[in-house]
Each structure stands twice: as structure tokens, then as C-alpha cells.
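Values reported hereafter were calculated over all heavy atoms of this structure, with side chains retained and with hydrogens, waters and symmetry mates removed. Bear in mind that the values here come from a model prediction, so they are computed numbers and not experimental data.
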Amino acid sequence: MATDHPRVTLDPAVLAGKPVIRGTRLSVEFVIGLMAEGWSEADITDNYPGIAHDDIVACLAYARDTLSSERVFPSAA
């Protein structure tokens with residue numbers, strides 16, 4: 001599976017193929033989870049100095065693009 005996000009990579013040998021920030025083992029899911037728990041960008045970059053602002057933006061863009069292609073089928077209930 002190819003990605004249009006050059007800072008995000010998918011490799012079956014890394015975290016079972018989950019999307020990760022290139023050159024790290026930090027998944028997009030993990031970074032989005034930190035933000036959902038209230039971590040700021042500064043909190044993340046201070047605790048994980050291997051990632052930068054552009055990596056966080058790439059995680060958000062990847063999540064946006066993944067959700068935008070999701071199909072929702074409302075039930076008839």
C-alpha cells in the first residue's frame with residue numbers, strides 16, 4: 001500500500017505494517033492518541049525528540065485522508 005505522505009511509511013516488518021513516522025517506530029495511531037489525551041505538540045516533541053512538527057502534521061494529514069475515504073452506511077433502524 002502506497003502513501004502520499006512522505007513522512008509516513010508502511011512496512012510489514014515494522015509494527016506489523018501499521019503506518020509509522022519514517023525512521024521511527026512511532027505509529028500514527030500512537031501520535032494521534034497522545035493528542036487525543038491532551039498532549040500538545042511541544043509535549044510530544046519534548047518526549048520524543050526524534051520527531052518534528054512536520055511529522056506531527058503528517059500524522060494528522062494521514063488520519064484525515066484515511067477517514068475521508070471511509071464509507072459509512074447508516075442502518076435503517
Side-chain angles (χ1 to χ4, degrees):
M1 178 175 178
T3 178
D4 293 333
H5 304 279
R7 290 180 169 269
V8 174
T9 186
L10 298 116
D11 180 348
V14 178
L15 291 181
K18 285 188 173 199
V20 299
I21 298 171
R22 186 173 300 282
T24 75
R25 295 184 64 80
L26 295 174
S27 70
V28 169
E29 175 185 7
F30 177 73
V31 173
I32 298 298
L34 292 176
M35 298 183 88
E37 292 174 8
W39 286 46
S40 68
E41 180 180 326
D43 294 332
I44 296 169
T45 56
D46 287 349
N47 283 279
Y48 300 94
I51 65 173
H53 166 78
D54 289 342
D55 296 318
I56 294 171
V57 170
C59 289
L60 292 169
Y62 185 90
R64 176 205 58 215
D65 293 348
T66 300
L67 287 171
S68 71
S69 66
E70 183 178 48
R71 304 270 188 235
V72 177
F73 300 98
S75 67

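Contacts classified as ring-ring contact (aromatic ring centres under 6.0 Å, His included) and involving residues 31-60 (residues at least two apart or in different chains) are given here: Phe30-Tyr48. Residue pairs meeting the side chain to side chain donor-acceptor pair (under 3.5 Å) criterion with at least one member in residues 23-37, sequence neighbours excluded: Lys18-Glu29.
Side-chain heavy-atom separations under 4.5 angstrom define the hydrophobic clusters, and the remaining members of the one that includes Val20 are Val14, Leu15.
Ile51 CD1 to Cys59 SG: the interatomic distance, rounded to the nearest 0.5 Å, is 6.5 Å.
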For this session: Applying side-chain contact (heavy atoms from CB on, under 4.5 Å), run through Tyr62 and Val31 and close with a yes or a no.
Result: CA-CA 11 Å; Tyr62 185 90; Val31 173; over 6 Å; no
For this session: Take Val28 and His5 through the side-chain contact (heavy atoms from CB on, under 4.5 Å) test and state the conclusion after the steps.
Result: CA-CA 11 Å; Val28 169; His5 304 279; over 6 Å; no
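In terms of the salt bridge (Lys or Arg N to Asp or Glu O under 4.0 Å) criterion, Asp11 has no residue partners (sequence neighbours excluded). For Ala63, the side chain to side chain contact (heavy atoms under 4.5 Å, CB included) partners are Ile32, not counting sequence neighbours. For Ser40, the side chain to side chain contact (heavy atoms under 4.5 Å, CB included) partners are Ala42, Asp43, not counting sequence neighbours. Residues passing the side chain to side chain contact (heavy atoms under 4.5 Å, CB included) test with Ala52, sequence neighbours excluded: Asp55.
Counting heavy atoms from C-beta on, the side chains of Arg7 and Val57 never come closer than 4.5 Å.
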